[in-house]
Amino acid sequence: MIRGIKGVKDILPDEAPRWQVIEGAARRLSSLYGYREIRVPVFEVTDLFARSIGASTDIVEKEMYTFQDRDGSSLTLRPEATAGVVRAYIEHNLGASPTPQKFFYLGPMFRHERPQAGRLRQFHQYGVESFGSTSPQADVEVVSLLWRFLSELGLPGLTLEINSLGDAADRLAYKAVLLDFLKQHEERLCQNCRRRMGTNPLRVLDCKVPSCRTATEGAPKLTDHLAPASLRHFEEVLAGLNALAVPYLLNPRLVRGLDYYTLTTFEVTSQHLGAQNAVGAGGRYDGLVEALGGPKTPAIGFAVGLERVALMLPESALPGRAKMIYVAAFGQQGVPLGTRILHELRARGLQANTDYRSATLKAHLRQADRLGASFVLIAGDDEAQKGLLILRDMTSKEQQEIPISTAAQTLATRLASA
RNA sequence: GUGGGUGUAGCUCAACGGUUAGAGCGCUGGACUGUGGCUCCAGAGGUUGCGGGUUCGAAACCCGUCACUCACCCCA
């Protein structure tokens, strides 16, 4: 038997409705906030990801699905979508537009990691990107859209944490201060963090090892080392969130994994997930467009892990089943009659179904029950003979004879009133 | 990449190293000759993940391997 690839899952029909609800909310809210859909390719030139996400990040170093094209060039399945959206933004000169460029996307991403609860190799994200504005109001819009999306789906136990990483200069200055501090406490840090001191000292603050946490307790805070402009931006973002009553927690240790973030960063977690408790996250990336060869353009966005959303989606968020008519056709003349009436119902736009394997009325009714039919149209030889059909209401068990010619019309009105 | 847990019927799980590997649910049929759900009866369904080993005897113990899963790491 050929099996699916490790960490790559089928979404079966039983589960598809959950996804439709989630994607529907994403589309509806995005357009409500003025974000238009953009569809970028699932694979790009490898260099794009290396340059945007950061060459020394885990994603780029060991998690990308990279392969050689026939001409020898290196291609990669996207581990996230921001890089591709930015590439498209630059390539099509979308910044030249007089209107703000705000996009959303939905689709699969690929990272070669060991799968676990809420982490797959092919997973799906919903995300938005807002280009062109340095205004804190843009930050507030993006964060509040993320918050609204998650809370409107009724996800339990959510926490929004927020921080500011400062601009590039702030971070450079702070890194030096932080490194000084870390060196003084190096012997109390875990092996991993000692290594991180060389590669990305900010992430030492994010370490979950308890001893590291206590060691960095008194570490200088990034938010205390922001330039006045950065600080003001951050304060205005927080004020904006307050005004919209979006509940947040300040977390000076919050450091996102991708290199391109600047200023505002945020993350929403849930207690109802496993160890992978981040549902959605994002931040500002004012330097990325320029770094990828475009015009200097501020931008901010977020990404949501849809598998993680699906894991938490409450049953109450799912819609009830639509009314369906089951056609029970059996016997020499019943079967062709049933085929005809089935076609007629569907032509009228009514949901209609049958089971071609069932040869007896009993078997048909059992299937109708399982499929959740509201009504059954019985078409046996007797009915064909008399030129009528029996309409059975599956909840009340009431039956009535109706002429074949008006059957579809009758059902249409019965369903409309029900 | 590292560590733990688990692999037995379609699903959820039993079976002290000892007869022919069982149960519940589900499935098919019947009781009910053309009327679903409930009940009762019968039936179908298995390479015990795979390969080796220990043993008179292995689903069970050992080794290997694969898969799934949780966690580390990291991230959405």
Side-chain angles (χ1 to χ4, degrees), chain A residues 1 3-7 9 14 53-54 56-63 78-82 106-127 146 149-150 190-193 195-196 199-200 203 206-209 254-258 266-270 273-283 301-312 326 328-331 334 355 357-385 390-399:
Chain A
M1 177 177 62
R3 308 182 52 115
I5 298 165
K6 182 200 283 288
K9 278 198 175 174
D14 277 349
I53 297 167
S56 69
T57 58
D58 276 16
I59 293 178
V60 171
E61 273 183 353
K62 48 197 187 199
E63 294 174 2
R78 62 182 186 192
E80 53 105 48
T82 300
L106 281 163
M109 310 295 159
F110 307 85
R111 292 182 200 173
H112 190 108
E113 302 182 89
R114 282 287 285 271
Q116 71 185 75
R119 192 172 74 183
L120 296 173
R121 290 187 175 176
Q122 177 176 168
F123 60 103
H124 298 78
Q125 287 187 334
Y126 155 53
L146 170 61
F149 170 71
L150 298 173
C190 68
Q191 280 307 313
N192 232 310
C193 282
R195 183 182 52 80
R196 276 194 275 239
T199 53
N200 193 342
R203 262 192 250 166
D206 207 28
C207 186
K208 287 169 206 149
V209 178
L254 180 66
V255 176
R256 308 265 64 250
L258 283 49
F266 51 93
E267 178 173 86
V268 178
T269 54
S270 169
L273 289 168
Q276 310 303 316
N277 63 354
V279 197
F302 69 68
V304 180
L306 298 188
E307 275 77 6
R308 294 178 187 180
V309 173
L311 279 174
M312 291 190 293
Y326 184 98
F330 56 101
D355 178 0
R357 299 170 308 178
S358 300
T360 64
L361 181 54
K362 188 187 184 68
H364 272 304
L365 283 171
R366 191 160 48 214
Q367 293 299 63
D369 191 46
R370 285 175 181 150
L371 293 170
S374 305
F375 296 99
V376 170
L377 274 178
I378 300 173
D381 288 346
D382 296 354
E383 289 74 23
Q385 207 79 177
I390 294 172
L391 171 60
R392 179 180 177 84
D393 183 324
M394 288 299 274
T395 39
S396 71
K397 294 175 150 185
E398 281 169 47
Q399 298 194 164

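All heavy atoms count here, side chains included; hydrogens, waters and symmetry mates do not. Proteins come first, then strands; the chains are lettered A, B, ... in the order of their sequence lines, and each starts at number 1.
- Scanning for side chain to side chain donor-acceptor pair (under 3.5 Å) contacts around A:Ser374 gives an empty result, with sequence neighbours left out.
- The CG-P distance, from A:Leu120 to B:C70, rounds to 9 Å in whole Å.
- A:Gln116 has a side-chain polar atom (N or O) that falls below the 4.0 Å cut-off from OP1 or OP2 of B:C72.
- Under the side chain to side chain donor-acceptor pair (under 3.5 Å) criterion, A:Glu61 pairs with no residue at all, not counting sequence neighbours.
- A:Phe330 and A:His364 have tilted rings, their planes meeting at an angle from 30° to 60° on a 0 to 90° scale.
- Counting distance only, with no hydrogens placed and no angle test, the side-chain atoms of A:Arg3 and the base atoms of B:C66 include no donor-acceptor pair under 3.5 Å.
- Rounded to a whole angstrom, the distance from the C1' atom of B:U48 to that of B:G7 is 9 Å.
- Atom NZ in A:Lys6 sits about 10 Å away from atom P in B:C66, given to the nearest Å.
- Following rounding to the nearest Å, A:Leu254 (CG) and B:A76 (C1') show an atom-to-atom distance of 13 Å.
- Using a 4.0 Å heavy-atom criterion, one finds that A:Leu146 contacts no nucleic acid atom at all.
- Side-chain contact between A:Val376 and A:Met394 is present, with heavy atoms from C-beta onward closer than 4.5 Å.
- The distance between atom CZ of A:Arg111 and atom P of B:C73, rounded to the nearest whole Å, is 17 Å.
- In this entry the distance linking NZ of A:Lys9 with P of B:C68 reads 10 Å, nearest Å.
- For the salt bridge (charged side-chain N to carboxylate O under 4.0 Å, His left out) condition, the pairs that include at least one residue of residues 107-122 of chain A, sequence neighbours left out, are A:Glu113-A:Arg119.
- The interatomic distance linking A:Arg119 (CZ) with B:G1 (C1') rounds to 11 Å, in whole Å.
- Taking atom C1' on both nucleotides, B:G36 is separated from B:G45 by 25 Å, rounded to a whole Å.
- One atom, OH of A:Tyr126, and another, P of B:A76, lie 16 Å apart when rounded to the nearest Å.
- Taking the side-chain contact (heavy atoms from CB on, under 4.5 Å) definition, one finds that A:Arg3 meets it with A:Met1, sequence neighbours left out.
- With both ends at atom P, the span from B:G51 to B:A71 equals 32 Å, rounded to whole Å.
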| Nucleotide-level pairing of RNA chain B, given in dot-bracket where Watson-Crick and G-U pairs need both distances under 3.5 Å and | marks other strands | (((((((..((((....[...)))).(((((.......))))).....(((((..]....))))))))))))....

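- Scanning for side-chain contact (heavy atoms from CB on, under 4.5 Å) contacts around A:Glu383 gives A:Ile378, A:Leu388, A:Ile390, with sequence neighbours left out.
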Write out a two-atom table: protein N or O, nucleotide N or O from nucleotides 3-11 of chain B, distance below 3.5 Å.
| unit_1 | atom_1 | unit_2 | atom_2 | d |
| --- | --- | --- | --- | --- |
| B:G3 | O6 | A:Arg114 | NH2 | 3.2 |

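- Every residue two or more places apart in sequence or in another chain was checked for a salt bridge (charged side-chain N to carboxylate O under 4.0 Å, His left out) with A:Lys6, and none qualifies.
- Comparing atom distances between the A:Asp58 side chain and each of B:A76, B:C73, B:C68 picks out B:C73 as nearest.
- In this structure, the side chain to side chain donor-acceptor pair (under 3.5 Å) partners of A:Asp355, at least two apart in sequence or on a different chain, are A:Arg357, A:Ser358, A:Gln367.
- Atom CD of A:Glu267 is separated from atom P of B:A76 by 8 Å (rounded to the nearest Å).
- B:A60 sits 13 Å from B:A14 when the C1' atoms are compared, rounded to a whole Å.
- Partners of A:Asp369 according to the salt bridge (charged side-chain N to carboxylate O under 4.0 Å, His left out) rule, which considers only residues two or more places apart in sequence or in another chain, do not exist here.
- Within the 4.0 angstrom heavy-atom criterion, only backbone atoms of the sugar-phosphate kind lie near A:Gly274; the bases stay farther away.
- Distance check, rounded to the nearest 0.5 Å: CD of A:Glu80 to CZ of A:Phe123 gives 9.0 Å.
- Rounded to the nearest Å, the gap between the P atom of B:C11 and that of B:C72 is 29 Å.
- Between B:U20 and B:G10, the distance separating the two P atoms is 23 Å to the nearest Å.
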| message | One character per nucleotide, please: for nucleotides 31-43 of chain B, 5' to 3', B when the base has a protein heavy atom closer than 4.0 Å, S when only the sugar-phosphate does, - otherwise. | response | -B-BBBB------

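- The CG atom of A:Leu150 lies 7.0 Å from the CE atom of A:Met312; values are rounded to the nearest 0.5 Å.
- For A:Gln125, there are no side chain to side chain donor-acceptor pair (under 3.5 Å) partners at least two apart in sequence or on another chain.
- Nearest-nucleotide positions on RNA chain B place A:Lys62 closer to the 5' end than the other of A:Lys62 and A:Ala303.
- One C1' atom belongs to B:G3, the other to B:A59, and the distance between them is 27 Å to the nearest Å.
- Comparing the P positions of B:G64 and B:G4 gives an interatomic distance of 12 Å, to the nearest angstrom.
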